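Just below is one structure, and these are the notes that go with it.
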Amino acid sequence: MKKKLLTVLSLVLIFVSVFSLTVSAKSSQSFNHWDTIGENLTVIGRSMFNPIGTISAESIGNDKTLNGITDIYCKDDFVYLLCGEASKLYVLNKDYSFNKEILITDDSGSNVNFSGAAGVFVDNNMIYISSTKNGQILVADTEGKLIKTIEAPNAEVIPEDFIFQPTSILKDSDGNFYVVSTGSYYGALFFNPELEFEGFFGANAVEHTALDVISFLWDKLTNTDAKRAKQTRVLPYAFSDMTIDKEGFLYTCTGATSSLAVNNGTGQIQMLSPSGTNILYRRNNYGKTAGATGYNFLENRIVVTWQKKKVQNFCAIGVDDNGLIYSLDQTYGLVYVYDSDCNLITAFGGGAEEGNQLGQFKNACCLAVNGNQVLVGDSERNTVTIFEQSEHGKKVANALVLTAEGQYGKAKSIWEECISKDRNCIYAYRGLAKSYYAEGDFEKAKEYAEISYDYVTYDLAYQEIMKGFFKENFVVIFIVAVVLICVAAWLLVKAKKKEERKIKNAKLATVLDIYFHPFKAFGDIKNKKTGSVPISLGLIFLFVVTSILKYTGSSFLFKTADVNSYNSLYTLASTGGLVLLWIIANWLVATIMSGKGTLSEITQATAYSLQPIIIANLLVMALSYMLTYNDVALINGIALVGTLFTLFLIIIGNMSIHDYSLSKFLLTTVITIFLMIVIVFILFMAFIMLQQLFNFIYAVYMEVVYR
């Protein structure tokens, strides 16, 4: 089953890698993400939400207009459609048939124009309209009678240049109000139940890198009036929308959080506590949690089409009763659905400004969750698309809830059915892994956990398997261990009693002397010529091979590279390539720094020093099949000791070969590293020039051929 699954996944990944996000964006095909080793792969999955129809002017009455729809709100079996550009507010019934139009009127009975309004909220027979362009919040009853108008707050904490442009408003269970205002990087505006301004709530944080800190300190030390006048402030991004769940937690989404040409930013979704702190956490495959502010909820890279970069942009957010988070990407018209651990369950929609099919959009602008349906407004097509949860989607959502509640037995049959319908449903494999573990079938649990990269369940199942193995074979293991210890002790005593060297070959003896008598061994390489170039090349080759095996051949728990996507050339360059680069650069530096070592001796001293890291690589790979993830410190410790021992030997070898003091060794090492960087730069430039030359020759050749 596993081989068949991997074959299917490989075909899917090839398809996705060719067409990338652009295909997903222009299609209503659903997809999700597989968190593999070091990668977040996009794979096509079975639809969890299907488009079943649209709401348009024709569907609610040709005398109506949905021009410039800006918001949707669902409450008590009614759907409120706000057409901000047309200053219209419609109420639809549960079946999306027309109920009435609400006209907002003042005390004199005149209609209040709220053209440019961006948000609507309804609660306790009161309607709140965020009249964005007018800088007001209109409070009216369900008949449309204006009760109150909220203007820009007047308080000391409000900056002088603050412009009140409300885009959405909502109320929590305590009666407090939260307002999102365009460009307000201070957070949401907080109002008490009497609609009196109290302050700002839950602002986004500005992420700083180490370079930013250094730049800040440098500016502080070198600041002048002229520099200060030209300085710019890095401000946090403003919220684009917010919603509240049944538990009373506030969720916010932030629009485009990156203008870079690499990724779409991070921390686009937040879950705020009553104190305004983001309490949304991302749980990775190893069970470790970290704040979601550093997690990219969108695709890993920005897509460039027709020489135009398209940064994804969350413009709306919603939460259902199961705790699933829905957020709308306006750039591609994609609806992303996440669980409480920030795992992408599914994504659907698309269109990317085309929107020619049902379920696609030209300009998706707003979203609302209505039971098991999702409504998405399109301000270009002037329609609302209705997505309904499919049978498969209902089963996945139900199984997710059961698994989260620990009811693995009830979830098992549902997950099995989900896999039969969708082989790319990673959460089904994870759910089955937990179910089998709860049943005590640890081999099955381990199998499904490995498929879904669920390291936590895999580790738990592996621990139980190892416990059973040691329990059943304790006597045999104990006897073998005692025998091995006795044999090792006997050999050690016998070796000490014999004065003569056991290894007659001086060159092989030097290889072993590196461990116990490094100064003598490197001295022999220099003075007695006991080193060997073929052995040195063999050690470098072993260094490369064992490094590749450590990455790809370790057990599932400790494997750091995916075999299907691993490129051994990177390991070759960072191991054997780096060693050869060091040898050449060190030899060049030694020739002008009075170094006495030849190229052959430098090669031998460096290669012989690699033995500890070679042995560490083999030990790590072997122990990875015997230890659990709780022993990761031991694995890392062995790798660290091997690396440090190798560096120690390189220092001794370099000093011995060149007859350097420690201070001169440090100086030549710095110069050697600098020269290595220069060599890499020259090689890189040469490669670019050769590539350009090849392209030129090819262009000339094609020109001659076609003429």
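Computed from a prediction, not measured in an experiment: that's the story for all the values here. Sequence positions, counted from 1, serve as the residue numbers for this chain. Reckoned from all heavy atoms, side chains included, excluding hydrogens, waters and symmetry mates.
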| note | In this structure, CG of Asn111 is separated from CD1 of Ile104 (nearest 0.5 Å) by 9.0 Å
| query | Is the centre of the Phe387 ring less than 6.0 Å from the centre of the Phe348 ring? | reply | yes
| message | Once rounded to the nearest 0.5 Å, what's the spacing between atom CG of Asn363 and atom CD1 of Ile69? | response | 11.5 Å
| Just by distance, with hydrogens left out, do Asn67 and Glu85 show a side-chain donor and acceptor under 3.5 Å apart? | no
| request: May I have the step-by-step check of salt bridge (charged side-chain N to carboxylate O under 4.0 Å, His left out) for Lys75 and Asp123, ending in yes or no? | output: CA-CA 8 Å; Lys75 178 74 174 179; Asp123 186 64; 3.6 Å; yes
| request: Please name the residue in the list Leu92, Asn99, Val122, Asn370 that meets the side-chain contact (heavy atoms from CB on, under 4.5 Å) test with Phe78. | output: Asn99
| field | Reported CG-to-CG distance for the pair Leu81 and Leu66, which is rounded to 0.5 angstrom | value | 6.5 Å
| task | Give a yes or no on this: more than 12 heavy atoms of other residues, nucleotides or ligands lie within 6.0 Å of atom CG of Asp107. | result | no
| task | With salt bridge (charged side-chain N to carboxylate O under 4.0 Å, His left out) as the test, would you mind laying out the steps for Arg282 and Asp35 before giving the verdict? | result | CA-CA 12 Å; Arg282 161 73 175 167; Asp35 292 332; 2.5 Å; yes
| Would Tyr338 and Asn343 satisfy side chain to side chain donor-acceptor pair (under 3.5 Å), going step by step from the backbone distance to the final call? | CA-CA 5 Å; Tyr338 304 91; Asn343 297 305; over 6 Å; no
| message | Looking only at the aromatic ring of each residue, does the gap between the centers of Phe297 and Tyr295 stay below 6.0 angstrom? | response | yes
| query | Do we see a donor-acceptor contact under 3.5 Å between the side chains of Gln268 and Asn296? | reply | yes
| query | Checking salt bridge (charged side-chain N to carboxylate O under 4.0 Å, His left out) for the pair Asp106/Lys145: CA distance, chi angles, key distance, verdict? | reply | CA-CA 6 Å; Asp106 57 20; Lys145 183 179 179 181; over 6 Å; no
| said: Using a strict threshold of under 4.0 Å (side-chain N to carboxylate O), is an ion pair present between Asp76 and Lys94? | reply: no
| request: Please determine if Arg46 and Asp422 form a salt bridge, counting it only when a charged side-chain N lies under 4.0 Å from a carboxylate O. | output: no
| said: Quick one, Phe177 with Phe190, criterion ring pair (Phe, Tyr, Trp, His ring centres under 6.0 Å). Give me CA distance, side-chain angles, the key distance, then yes/no. | reply: CA-CA 6 Å; Phe177 291 86; Phe190 178 74; 9.5 Å; no
| Is there a donor-acceptor pair closer than 3.5 Å between any side-chain N or O of Glu196 and the backbone N or O of Phe191? | no
| request: Inspect the surroundings of NZ in Lys288 and state if more than 12 heavy atoms from other residues, nucleotides or ligands are less than 6.0 Å away. | output: no
| Around atom NZ of Lys394, are there more than 12 heavy atoms of other residues, nucleotides or ligands at under 6.0 Å? | yes
| Residue pair Trp415 / Thr403, side-chain donor-acceptor N/O under 3.5 Å | yes
